[in-house]
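The structure displayed is predicted, hence computed values, not measured ones. Note on naming: letters A, B, ... go to the chains in the order of the sequence lines (proteins, then strands), and numbering restarts at 1 for each one.
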Amino acid sequence: MDVYSRAREEIEAALKAAMAELKQDVPVVLDKAPAGMGDLAFPCFPLSKTMKKAPAVIAKELASMIRPRGAVEKVDSNGGYVNFHLKFAELAHETLGAALSQKQTYGRPDRPKGVKILVEHTSVNPTGPIHVGRARNPMIGDTLARILRQAGYDVSTEYYVNDVGRQVVVMTWGVKNLKVGVEPERDKDDYRYVLYYQKANKLLEEEPGREKEIGDMLYKLEHGDPETVRATHEVCDSVLKAIMQTLGRLNIAVDRFTWESKFVEDRSVDGIIERLKKSEHCHEQDGAYYLELESFGIAGRETKWFFTRSDGTSVYTTRDLAYHMDKFARTDIAVNILGEDHKLAMQELSAALTIMGVQKKPEILYYAFVSLPEGRMSTRKGVVVNLDDLLDEAVERAYEEVRKRREDLSEDRMREIARIVGIGALRYNIVRVQAEKQIVFKWEDALNFEGSSAPFIQYAHARACSILSKAGDWNRDFDAAHLATDHEKELVKSIAGFPSVLADCADNRRTHALAVYAQDLAAQFNQFYRFVPVLKAEGSARNARLALVEASMWALKNSLNSLGIEAPEEM
RNA sequence: GGGCGCGUGGCCUAGUCAGGAUAUGGCACUUGCCUCCUAAGCAAGUGGUCAAGGGUUCGAAUCCCUUCGCGCCCGCCA
C-alpha cells in the first residue's frame with residue numbers, strides 16, 4: 001500500500017480509538033490540511049455538542065491523546081482542528097523508492113485485483129466516418145480501460161457492432177443499387193460508403209414506393225438469408241475497419257468486436273423473448289409483446305417497453321439484453337460507455353434483467369453530447385466536424401509549433417513529436433471535464449497547447465527526461481533528507497498522491513480526475529524545475545534531486561499513459 | 001405533462017458522492033523573467049452574491065425544498 005493511504009488508515013485507527021476512549025460516536029473523516037498546517041486534518045466541531053466543550057478545546061485534548069507513531073511525526077491542533085504532520089523524509093523515501101523501482105507500474109496496487117471488467121465503448125453504427133461528437137465515447141472508454149488496467153483490474157474492451165438495423169440495410173441497399181457520381185472526401189471506406197447511405201436516404205424520401213425494397217431486405221436479414229447477411233456484413237466490416245483506423249490515430253483499439261447479428265443467428269434472443277413472455281409484467285398488444293415497467297421506476301408518457309414487434313421479431317434492446325447475458329458469462333463487471341440519450345433504454349434493460357431474475361447489471365458511464373456553437377452535430381445537415389479533419393488540423397498546428405522551437409531536429413522527428421502532441425491535446429481536451437457536462441466544441445479550445453493541456457504535461461515530462469539524459473550515472477542510493485525546499489516537498493507529495501488518485505478514478509469509474517491530477521503534478525514539477533537546480537547541485541543533494549526528477553518522470557508518464565496520451569522524451 | 005443531467009469571475013473548469021480553516025486551475029487581459037537543466041515554462045496583478053429564493057446546521061458551492069435557464073429522453077427506430 002502507498003504511504004499516503006497507509007498513513008490515513010493509521011490516523012483513522014488512532015482517532016477511532018480516541019473516540020472510543022471519550023465514548024463519542026462520530027464518523028471519522030479526515031480532510032486535507034491547508035498548506036503549512038500539516039498533511040491531514042480532523043475537524044472537531046461535531047463533537048462540540050455532545051462533549052459540551054468548545055471545538056478548540058476538544059482539538060487540543062485529542063492532539064495530546066494521540067501519540068505520533070508510524071508515518072506520523074507530529075500531532076497538534078489549530079482552532080477546532082487536529083492536524084497530523086507526516087514524516088516527510090519517510091514519505092519521500094518510500095514514494096521515490098516505489099516510483100524508481102516500479103517504473104511503469106508505479107501506481108498499481110501490490111497485488112492484482114483478480115476482477116474481470118469488460119468495458120464496452122464506441123459501438124457507433126458503421127454507416128460513415130466518425131465525427132467529433134461521437135468521439136467522446138471512445139476517448140472516455142479507452143481512458144477508463146487504461147485507468148482500470150493501471151489500477152490492477154483484468155480489463156478487456158469491446159465494440160458492439162450494429163449490423164442488423166434499418167440503417168445498415170439502407171446503406172447496403174444503396175451500395176448494391178445506386179451509383180454515386182462524386183469522389184469521397186477521403187480515400188477510405190467510411191467516406192466512400194457514407195455517400196451511398198446518404199444517397200439512399202435521399203432517394204427513399206423522394207420515392208417512398210421503394211421503401212418496400214428496404215423492408216424486404218430487412219426481413220431477409222432478420223431471417224438469415226445468406227446473401228443478404230453476407231452483403232450487409234461485408235459493407236459494415238469495411239466501414240468499421242475505416243472507423244477503427246481513425247481511432248487508431250488516437251491510440252484507441254478494442255480487444256474484441258461483437259456483432260449484433262450473432263444473437264439473432266444463435267437464437268439467444270429467442271430465449272430472452274421466451275423468458276420475458278413468462279413474466280407477470282408481460283402483456284400483448286396486436287401480436288407485439290411488452291413489459292409494463294411503471295413499477296420499476298420508469299416514468300413519462302409511456303411506461304410500456306415493447307420487446308417484440310407484431311411480426312415476432314426482436315427490437316434493439318432485446319438483442320442488447322442477449323448481448324449482456326453473453327457479457328455476464330465472460331466477465332465479473334460490465335461497464336458501458338453511453339450517451340445520455342440511452343438512459344431510458346438502459347433502465348428498461350436493467351428492469352428486464354431483474355424480471356429475468358438476473359442479479360448482475362451493467363454499470364453505465366453516461367456522457368453529455370458534444371455540440372458545435374451552431375447546435376447539435378448532424379451528418380445529415382452537414383453540421384459536423386469529422387474526427388479525421390480534427391486530427392489532421394491538430395497535428396498540423398503542433399507541427400508549426402515544433403518547427404518554431406526545434407529547428408535542430410530532423411523532419412521525421414518533428415513530425416513524430418507533432419503527432420504525439422497534437423493527438424494528446426485532443427484527448428486531454430475531451431477527457432479533462434466531467435463526462436456529464438455538455439461540451440461545446442471550439443477549435444481554439446481543442447487545439448490549446450498551453451496551460452491546462454496535454455502539451456503542458458508532456459512538456460514537464462520532456463524536461464524531466466532531458467535532465468535525466470544529461471545527468472550521466474548517478475548514485476541511486478539517495479537520501480531523501482536532502483529534499484528540503486517547499487518546491488521539492490510539494491512535488492514529492494504530488495507524486496505520492498498518484499496511487500490514490502488512480503484508485504479513486506478506477507473505483508468510481510471516472511476519468512477527468514486523473515487529467516486534473518496530471519495537470520497539477522506537471523505544474524508542481526515546472527515550479528521545482530524553475531527554482532531548484534538539479535544538475536548543478538552537488539553530492540547527495542544532486543542524487544536526491546535526480547531521484548525526485550526520475551520519480552516525477554514516472555508519475556507523469558504513467559498518468560499520461562493512463563490517459564492514452566504518449567509522453568515524448570523531447571519536444 | 002413526466003423522468004434524468006447540468007448551471008462556479010468575460011470564457012472553460014476543479015471541488016458536490018462522504019458539509020468544515022482565505023472557492024481550484026486554465027484561457028483572455030496588465031506587468032516582469034531566456035549570458036542559468038528546453039519560455040509549449042515561471043512569477044506578480046485585475047476579475048466571483050458558487051443560477052435565484054427559502055430551509056437544515058455551530059458551519060452550505062456541497063444536504064433538503066421551490067423557482068428559473070440549458071441539454072437529453074418518454075417509437076412495435078437503432
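Among the protein residues, A:Ala513 comes within range of no part of the nucleic acid, since none of its heavy atoms lies under 4.0 Å from any strand. Within 4.0 Å (heavy atoms only), A:Val433 reaches sugar-phosphate atoms of the nucleic acid but no base atom. As judged by a 4.0 angstrom heavy-atom cut-off over every strand, A:Val440 is placed among residues making no nucleic acid contact. A:Asn83 comes within 4.0 angstrom of a nucleotide base, judged by non-hydrogen atoms across all strands. Among the protein residues, A:Tyr290 comes within range of no part of the nucleic acid, since none of its heavy atoms lies under 4.0 Å from any strand. A:Val549 comes within 4.0 angstrom of no nucleic acid atom, judged by non-hydrogen atoms across all strands. Residue A:Val169 is classed as having no contact, given no heavy-atom separation below 4.0 Å to the nucleic acid.
Base-pair partner of B:rC76: not found among the strands shown (Watson-Crick or G-U wobble, both distances under 3.5 Å). Across all strands shown, the partner of B:rC70 is B:rG5, judged by Watson-Crick or G-U wobble contacts whose two distances both fall under 3.5 Å. In this structure, B:rU30 and B:rA44 make a Watson-Crick or G-U wobble pair, each of the two defining distances being under 3.5 angstrom. The partner of B:rU24, taking Watson-Crick or G-U wobble pairs whose two distances both stay under 3.5 Å, does not exist in any strand shown. Pairing for B:rU38 is absent, with no Watson-Crick or G-U wobble pair whose two atom distances lie under 3.5 Å. Pairing partner, B:rA61: none, since no Watson-Crick or wobble contact has both distances short of 3.5 Å. If you check B:rC50 for Watson-Crick or wobble pairing at under 3.5 angstrom, you find it has no partner at all.
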Exercise for review: Go through the steps to decide whether A:Phe42 and A:Leu47 satisfy the test side chain to side chain contact (heavy atoms under 4.5 Å, CB included), and finish with yes or no.
Suggested key: CA-CA 11 Å; A:Phe42 177 67; A:Leu47 292 165; 4.2 Å; yes

Point to revise | Derivation and outcome, salt bridge (Lys or Arg N to Asp or Glu O under 4.0 Å), residues A:Lys404 and A:Glu401 | key: CA-CA 5 Å; A:Lys404 255 190 258 173; A:Glu401 296 297 321; 3.2 Å; yes

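In this structure, A:Lys437 reaches the B:rG7 phosphate: one of its side-chain N or O atoms is under 4.0 Å from OP1 or OP2. Checking the phosphate oxygens (OP1, OP2) of B:rG15, a side-chain nitrogen or oxygen of A:Gln434 falls inside 4.0 Å. At B:rU38, one or more side-chain N or O atoms of A:Lys470 fall inside 4.0 Å of OP1 or OP2 (strictly under the cut-off). Put simply, A:Arg510 has a side-chain N or O that comes within less than 4.0 Å of OP1 or OP2 on B:rG15.
Here the rule is ring pair (Phe, Tyr, Trp, His ring centres under 6.0 Å) with A:Tyr160, and of A:Tyr323, A:Phe257, A:Trp259 only A:Tyr323 fits it. For the side-chain contact (heavy atoms from CB on, under 4.5 Å) with A:Phe528, the lone residue among A:Leu548, A:Thr485, A:Asp486 that qualifies is A:Leu548.
In this structure, the side chains of A:Ile298 and A:Trp305 stay at 4.5 Å or more apart for every pair of heavy atoms. A 4.5 Å side-chain heavy-atom check between A:Ile140 and A:His121 finds every atom pair outside the cut-off. You'll find the side chain of A:Leu560 reaches within 4.5 Å of the side chain of A:Ile457, heavy atoms only. Under the 4.5 Å side-chain criterion, counting only non-hydrogen atoms from C-beta, A:Phe525 is not in contact with A:Ser494. A:Arg545 has its side chain within reach of A:Leu483: a pair of non-hydrogen atoms, C-beta onward, lies under 4.5 Å apart. Residues A:Thr318 and A:Thr308 have side chains not in contact (no heavy-atom distance under 4.5 Å, counting atoms from C-beta outward).
Going from the P atom of B:rG53 to that of B:rU8 covers 16 Å, rounded to whole Å. For the P atoms, the distance linking B:rA28 with B:rA18 amounts to 38 Å, nearest Å. Taking atom C1' in both B:rU24 and B:rU62, one finds a spacing of 15 Å when rounded to whole Å. The P atoms of B:rG26 and B:rG41 are separated by 10 Å, rounded to the nearest whole Å. Using P as the reference atom, B:rU67 and B:rC12 are 27 Å apart when rounded to the nearest Å.
Salt-bridge formation is detected for the pair A:Glu416/A:Arg419: a Lys NZ or Arg NE/NH1/NH2 atom is positioned less than 4.0 Å from an Asp or Glu carboxylate oxygen. Salt-bridge check for A:Glu400 with A:Arg403: failed, with every basic side-chain N at 4.0 Å or more from each acidic carboxylate O. Look at A:Asp216 and A:Lys212 and you find a salt bridge, because one of the NZ, NE, NH1 or NH2 atoms lies within 4.0 Å of a carboxylate O, short of that distance. Ion pairing between A:Arg510 and A:Glu436 fails under the 4.0 Å rule for side-chain N and carboxylate O.
Side-chain contact of A:Ser310 with A:Asp286: a donor-acceptor pair under 3.5 Å is absent, judged by distance alone. Between the side chains of A:Asn336 and A:His324, at least one donor N or O sits under 3.5 Å from an acceptor N or O. Between the side chains of A:Trp443 and A:Glu393, no donor-acceptor pair of N or O atoms lies under 3.5 Å. With hydrogens and angles left out, the side-chain atoms of A:Thr50 and A:Gln24 include a donor and acceptor closer than 3.5 Å.
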Practice item. Starting at the 5' end of nucleotides 24-30 of chain B, put B wherever the base has a protein heavy atom under 4.0 Å, S where only the sugar-phosphate does, and a dash everywhere else. Key: -SSS---

Study note, to complete from the structure: In 5'-to-3' order, the base (B), backbone-only (S) or no-contact (-) status of each nucleotide in nucleotides 72-78 of chain B, using a 4.0 angstrom heavy-atom cut-off, is SSBSBSB

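Rounded to the nearest 0.5 Å, atoms CG (A:Leu15) and CG (A:Leu30) are 6.0 Å apart. Annotation: the span from A:His512 atom NE2 to A:Thr143 atom OG1 amounts to 13.0 Å, rounded to 0.5 Å.
Against the 90° criterion about 0, the sugar-base torsion of B:rC12 places it in the anti range.
Comparing B:rG71, B:rG15, B:rC37 by their nearest atom to the side chain of A:Gln438 picks out B:rG71.
Where A:Glu570 and A:Asn78 meet RNA chain B, the nucleotide closest to each residue was compared, and A:Asn78 sits on the side nearer the 5' end.
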Atom pairs, protein N/O to nucleotides 55-58 of chain B N/O, distance under 3.5 Å:
{"unit_1": "B:rC58", "atom_1": "OP1", "unit_2": "A:Lys49", "atom_2": "NZ", "d": "2.7"}

Shorter than 3.5 Å, N or O on both sides, protein versus nucleotides 32-36 of chain B: list them out with atom names.
{"unit_1": "B:rC36", "atom_1": "O2'", "unit_2": "A:Lys536", "atom_2": "NZ", "d": "2.9"}

Please list, for nucleotides 61-64 of chain B, all pairs of protein and nucleotide N/O atoms separated by less than 3.5 Å.
none

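A cation-pi geometry, defined here as NZ or CZ lying under 6.0 Å from the six-membered ring centre and within 45° of its normal, does not hold between A:Arg136 and A:Tyr367.
Taken residue by residue, residues 455-468 of chain A places heavy atoms nearer than 4.0 Å to RNA chain B at A:Pro455, A:Phe456, A:Tyr459, A:Ala462, A:Arg463, A:Ser466, A:Ile467.
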